[in-house]
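Note on naming: letters A, B, ... go to the chains in the order of the sequence lines (proteins, then strands), and numbering restarts at 1 for each one.
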There are 2 protein chains.
Amino acid sequence: MPKSLPSMPFQGANENQAEATTAPQDVSRESAATFEVLNKMREDILCCVLKPDQKLRFGELRQRYGTSVGTLREALSHLVSEGLARTEAGRGFQVAPVSLADFLDLSELRVYLETKTLADAIRHGTDAWEAEIVSSYFLLSKLAPPKADDPPQVKQEWAKRHKRYHDALVATCRSPWSLHFRSELFDQARRYHWLTMIHSRMHRRNEHLEIRDAVLARDVDRACSLLEEHIRTTVEQAVSDVPGLIHGNTRPLKLARRRKA
Amino acid sequence: MPKSLPSMPFQGANENQAEATTAPQDVSRESAATFEVLNKMREDILCCVLKPDQKLRFGELRQRYGTSVGTLREALSHLVSEGLARTEAGRGFQVAPVSLADFLDLSELRVYLETKTLADAIRHGTDAWEAEIVSSYFLLSKLAPPKADDPPQVKQEWAKRHKRYHDALVATCRSPWSLHFRSELFDQARRYHWLTMIHSRMHRRNEHLEIRDAVLARDVDRACSLLEEHIRTTVEQAVSDVPGLIHGNTRPLKLARRRKA
DNA sequence: TGTAAACGGATATTCGAAAGTTTCGAAACT
DNA sequence: AGTTTCGAAACTTTCGAATATCCGTTTACA
């Protein structure tokens, strides 16, 4: 029998909404328990509940997610493959580090993959594709971008809708591999957005709306340009916030977990 | 017996410096047993010892690799993330399928990533980089490309040197993410090369030599053109030489869909 | 005779404990 | 006092058994 549930707030509710996402080919479906733990842990890493470079001890994790070591190990293994965690032989797991160089690098590749997949998606767009874009944008627009002091649930809900919207844009792209890597990089970027959005007060236009309209108008060039700008603006915003991030309370960027002097 | 053996050399200075700027993700190092099983299994899938769509039963695998269920499960989990295996809840694991569409798709993305990383690698090439290219090419040239009836060990050795050579070419690329995805796609392509090379008798120039010389001459355009041609020729060869790939759009080539008598 | 439910064998999934390393702290020595 | 060595505690890793699930076959029923 499982041990008594940890005193964490009950998290079963928002999980139900994750119905069959239209995700094309990704990691199809894992077994029930492992898959659930994997998703929760990924969300926690992406939202920096589990902070960069944090050591992931099995004892704590086992208590937090209410599962066994073996299951945890399998989920962790997945996260390592996705680049969200690291492991060294005999020294357990830890959350993947973050760095400005890493963010710049992945953003550069993101620009290529996002525009490539978007262009192809527009060329092969269908009615259902347009409908999902309209729908997901509507849901996104109902929520204001999260602020620093918003509760985690609000942040996660916004992040979920944000991802759903961006996924919808490229859903009809014909290249499964491009979509796969795009999705992976999008998640990676989410981690950085989290760290920067909290501190940023930079004003931004309603870029999601502009992109939506350009896409629905089947204007490939304009849509791609807007999307590229969307990404690059976020990067610049992050770069300008780096000093604040370094000294911020989340101790995100530089790490060098020092041992005794 | 007391253990007086000094276990590991001390990490020293390298660890303390902030090295977070590099090395985002590559499955760096796994634990001993799991890592070993993972590598063996990946090699078996890449070389089609484990055939596409083959069901991976734990009983057989446990006997074949001499390890426990848990360890197997963790390795399988890795392979799923790498796209070399698939899993459905409750139905275990199976080798990822192959199809012409998949091969064309991943090859298209490969052209971009290979040329991008190669161009960057040439621009940031060092003496050590050149030396490794010369060395790895030499090792590759010592082995003739494997034929259909060569023993598996010969094939695997050639594949290893082939990968080492191509890795050497792009080693100094500054984009870890590009390198990461390039490596993943390279492995994926290896699977198809295996299936096609066996049947092919198409004559090919010594493309590896041409690429090597162009790279060492720091001729970015020529090197990238040659590399692109290298990839595209392989695709055409696959398309023309393997009837199974042409007709089986989403269908695997040949597989042992074993049924009870 | 065709359809559907139920049984039994086989397989996948999950779990906790044993075995093996690493890390931290304290005692001993220079 | 500073450095090294040794030992205990904590942690990770591995394993095989117990549990849950699925697939093929048989059986009941219309």
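Under 4.0 Å is where a charged nitrogen must lie from a carboxylate oxygen, and between B:Arg164 and B:Asp167 no such pair does.
A straight line from CZ of A:Arg86 to P of D:dT12 spans 17 Å, rounded to a whole angstrom. At whole-Å resolution of the value, CZ in A:Arg57 and P in D:dT12 are 7 Å apart. Atom C1' of nucleotide D:dT13 and atom CG of A:Leu72 are separated by 14 Å, given to the nearest angstrom. In this structure, CD of A:Glu74 is placed 13 Å from C1' of C:dC15, rounded to the nearest angstrom. Atoms OH (B:Tyr65) and P (D:dT14) sit 17 Å apart, rounded to a whole Å. Computed from coordinates, the A:Gln94 CD to C:dT23 P distance equals 12 Å when rounded to whole Å. Rounded to whole Å, the distance from CD on B:Gln63 to P on D:dG16 is 14 Å. Rounded to an integer number of Å, the gap from CZ of A:Phe58 to C1' of D:dT14 is 12 Å.
Within the nucleic acid shown, B:Leu56 comes within 4.0 Å of sugar-phosphate atoms alone, with no base atom in reach, counting heavy atoms only.
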Report, one pair per line, the protein and nucleotides 18-20 of chain D atoms (nitrogen or oxygen only) whose separation is under 3.5 Å.
none

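Two residues are said to be in side-chain contact when any heavy atoms from C-beta on lie closer than 4.5 Å; A:Pro52 and A:Arg191 meet this criterion.
Dashed line: the shortest gap from a side-chain N or O of B:Thr67 to OP1 or OP2 of D:dT14 is not under 4.0 Å. Distances shorter than 4.0 Å separate none of the side-chain N or O atoms of A:Lys55 from OP1 or OP2 on C:dT22. At the phosphate of D:dC15, neither OP1 nor OP2 sits under 4.0 Å from any side-chain N or O atom of B:Arg73. Here B:Arg91 reaches the OP1 or OP2 of D:dC23: one of its side-chain N or O atoms lies under 4.0 Å away. For B:Thr34 and D:dT13, the shortest distance from a side-chain N or O to OP1 or OP2 is not below 4.0 Å. Applying the 4.0 Å criterion to OP1 and OP2 of C:dT13, one finds that A:Thr71 has every side-chain N and O outside that range. Contact annotation: B:Arg62 side-chain N/O to D:dC15 OP1/OP2 distance is not under 4.0 Å.
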Determine, stepwise, if the pair B:Arg190 / B:Glu43 fulfils side chain to side chain contact (heavy atoms under 4.5 Å, CB included). CA-CA 10 Å; B:Arg190 277 175 68 185; B:Glu43 213 57 36; 2.5 Å; yes

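Ring-plane geometry between A:His180 and A:Trp177 is classed as perpendicular, the angle between the planes exceeding 60 degrees on a 0 to 90 degree scale with a lower cut at 30.
For B:Arg110, the salt bridge (charged side-chain N to carboxylate O under 4.0 Å, His left out) partners are B:Glu114, not counting sequence neighbours.
The main-chain N or O of B:Gly83 is found under 3.5 Å from a side-chain atom of B:Gln188 such that the two form a donor-acceptor pair. Checking side-chain atoms of A:Ser136 against main-chain N and O of A:Glu132 turns up a donor-acceptor pair under 3.5 Å.
Distance from the side chain of A:Ser68 is smallest to C:dG16 among C:dG16, D:dT14, D:dT13.
Between A:Gly70 and B:Gly92, it is B:Gly92 whose nearest contact on DNA chain C lies nearer the 5' terminus.
Comparing the start and finish of the helix from C:dT1-D:dA30 to C:dT30-D:dA1, five pairs each, the helix axis swings through 10°, to the nearest 10 degrees.
Taking a 6.0 Å sphere around NZ of B:Lys163, one finds it holds more than 12 heavy atoms contributed by other residues, nucleotides or ligands.
The nearest pair of heavy atoms linking B:Ala159 to B:Trp194 is CB-CZ2, 4.5 Å.
Cation-pi contact between A:Arg182 and A:Phe186: present, with separation from the ring centre below 6.0 Å and deviation from the ring axis of at most 45°.
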